[in-house]
Amino acid sequence: MATLGDIGLAATINILSAFAFLLAFAILRLQPFNDRVYFPKWYLKGVRTSPTISGSFVHKFVNLDFRSYMTFLQWIPALKMPEPELIDHAGLDSAVYLRIYLLGLKIFAPICLLAFAVLVPVNWTNNTLEVEATKASDLEFSAIDKISISNIPTGSNKFWAHLVMAYMFTFWTCYVLFKEYAIIASMRLHFLASEKRRPDQFTVLVRNVPADPDESTYELVEHFFLVNHPEHFLTHQACFSTPRSYNLCLYHRSEHIFIYFTGISA
């Protein structure tokens with residue numbers, strides 16, 4: 001049996017925990033030994049160098065500039081950056097990560113409003129728990145229990161409200177997820193198209209390539225792609241690292257990009 005006091009205590013613990021984690025993130029972000037963890041994209045672009053290269057031993061691990069701790073929340077305005085600017089600044093993963101929080105609001109805000117507008121009045125306008133409490137002296141309930149489905153009498157037509165709302169909540173969640181995944185997929189394709197071509201963007205792992213007694217692995221792969229994908233296949237290169245493993249590099253004719261295949265020969 002939950003009471004308003006229990007819910008208030010749980011909310012207080014969660015809020016204080018969230019604030020503690022936010023404070024820990026903000027402080028750890030300022031430490032030199034974490035610089036590469038929090039700014040990896042800037043290192044890849046070459047616009048930031050490691051602060052642990054110079055300075056004393058203590059300065060390499062602990063930020064002793066106390067003025068920086070006064071503005072440890074200066075990263076929060078970055079949350080309001082336009083998505084293209086945020087992607088360029090922190091990468092696609094950061095933009096998608098923020099969209100996850102917005103996705104939660106899109107799903108649960110309408111659901112909460114609908115539940116409080118429909119389900120709470122339906123549950124509250126019954127006296128099932130009060131009647132059952134008179135029959136069983138050991139039955140205890142609180143005001144929170146009165147807004148739950150347990151306050152509806154058995155066989156009541158009011159259960160239809162819960163059934164209809166369950167379908168509506170499910171439909172809304174699936175619809176929002178479908179739309180959001182379509183947007184993220186489009187963002188990813190646009191991001192890859194705008195980036196410089198790299199082999200790791202076109203990597204596929206292939207295992208257990210079957211052996212052919214009449215052809216070598218090199219000839220087998222070449223024959224397969226010349227027969228099945230002659231308009232796309234350009235050439236390939238196999239680099240054997242051990243007697244049973246190899247790396248295969250395929251060159252794509254249309255855009256002249258190459259794809260790495262890693263496999264194990266039988």
Could you report the tightest heavy-atom contact between N151 and N127, atom names first, then the distance?
OD1-C, 4.0 Å
Where do K106 and K179 land on the side-chain contact (heavy atoms from CB on, under 4.5 Å) test, with the steps shown first?
CA-CA 11 Å; K106 291 178 182 178; K179 298 292 289 186; over 6 Å; no
Look up atom CG in L28 and atom CZ in F21, then write down how far apart they are to the nearest 0.5 Å.
11.5 Å
Is any side-chain heavy atom of I27 closer than 4.5 Å to a side-chain heavy atom of L23?
yes
Check the hydrophobic clustering (I, L, V, M, F, W, Y; side-chain heavy atoms under 4.5 Å; chains of links allowed) and say if Y175 and L177 are grouped together.
yes
Flag the pair E219 / D214 as yes when at least one side-chain heavy-atom distance between them is below 4.5 Å, and no otherwise.
no
Is there a side-chain contact between L114 and L119 in this structure, where contact means two heavy atoms from C-beta onward sitting under 4.5 Å apart?
no
Shortest non-hydrogen contact from I152 to N126?
CG1-ND2, 4.0 Å
Quick check for you: to the nearest 0.5 Å, what is the distance between L92 atom CG and H190 atom NE2?
11.0 Å
Applying a strict under-4.5 Å side-chain criterion to I, L, V, M, F, W and Y, I'd like to know whether L103 and L86 cluster together.
no
Does any non-hydrogen side-chain atom of F224 lie less than 4.5 Å from one of L220?
no
Please answer whether the main-chain N or O of R29 pairs with a side-chain N or O of N34 as donor and acceptor at a distance below 3.5 Å.
no
Under 3.5 Å donor-acceptor, S186 side chain and A182 backbone:
no
Kindly work out whether a path of hydrophobic side-chain contacts (I/L/V/M/F/W/Y, heavy atoms less than 4.5 Å apart) joins I107 to I184.
no
Should the heavy atoms of other residues, nucleotides or ligands under 6.0 Å from CZ of F169 be counted, would the total exceed 12?
yes
Atom OG1 in T170, atom CE in M165: separation rounded to 0.5 Å?
11.0 Å
Hydrogens and angles aside, do K146 and N123 bring a side-chain donor and acceptor to less than 3.5 Å of each other?
no
Under a 4.5 Å side-chain heavy-atom rule over Ile, Leu, Val, Met, Phe, Trp and Tyr, are F191 and I183 clustered together?
yes
Report yes if some heavy atom in the side chain of W172 is under 4.5 Å from a heavy atom in the side chain of M168; otherwise report no.
no
Given E83 and R99, is the side-chain contact (heavy atoms from CB on, under 4.5 Å) satisfied, shown in steps?
CA-CA 10 Å; E83 269 190 352; R99 291 191 69 93; 2.6 Å; yes
OG of S156 to NE2 of H162: how many Å apart, nearest 0.5 Å?
9.0 Å
Heavy-atom closest pair, residues F159 and P153:
CE1-O, 3.2 Å
Are the side chains of I87 and M187 in contact, using a 4.5 Å heavy-atom criterion?
yes
Donor-acceptor pair, side chain of K158 and main chain of T125, under 3.5 angstrom
yes
Hphob cluster co-occupancy, I149 + W124, side-chain heavy atoms under 4.5 angstrom
no
Evaluation steps, side-chain contact (heavy atoms from CB on, under 4.5 Å), between L98 and L102:
CA-CA 7 Å; L98 293 180; L102 296 177; 5.8 Å; no
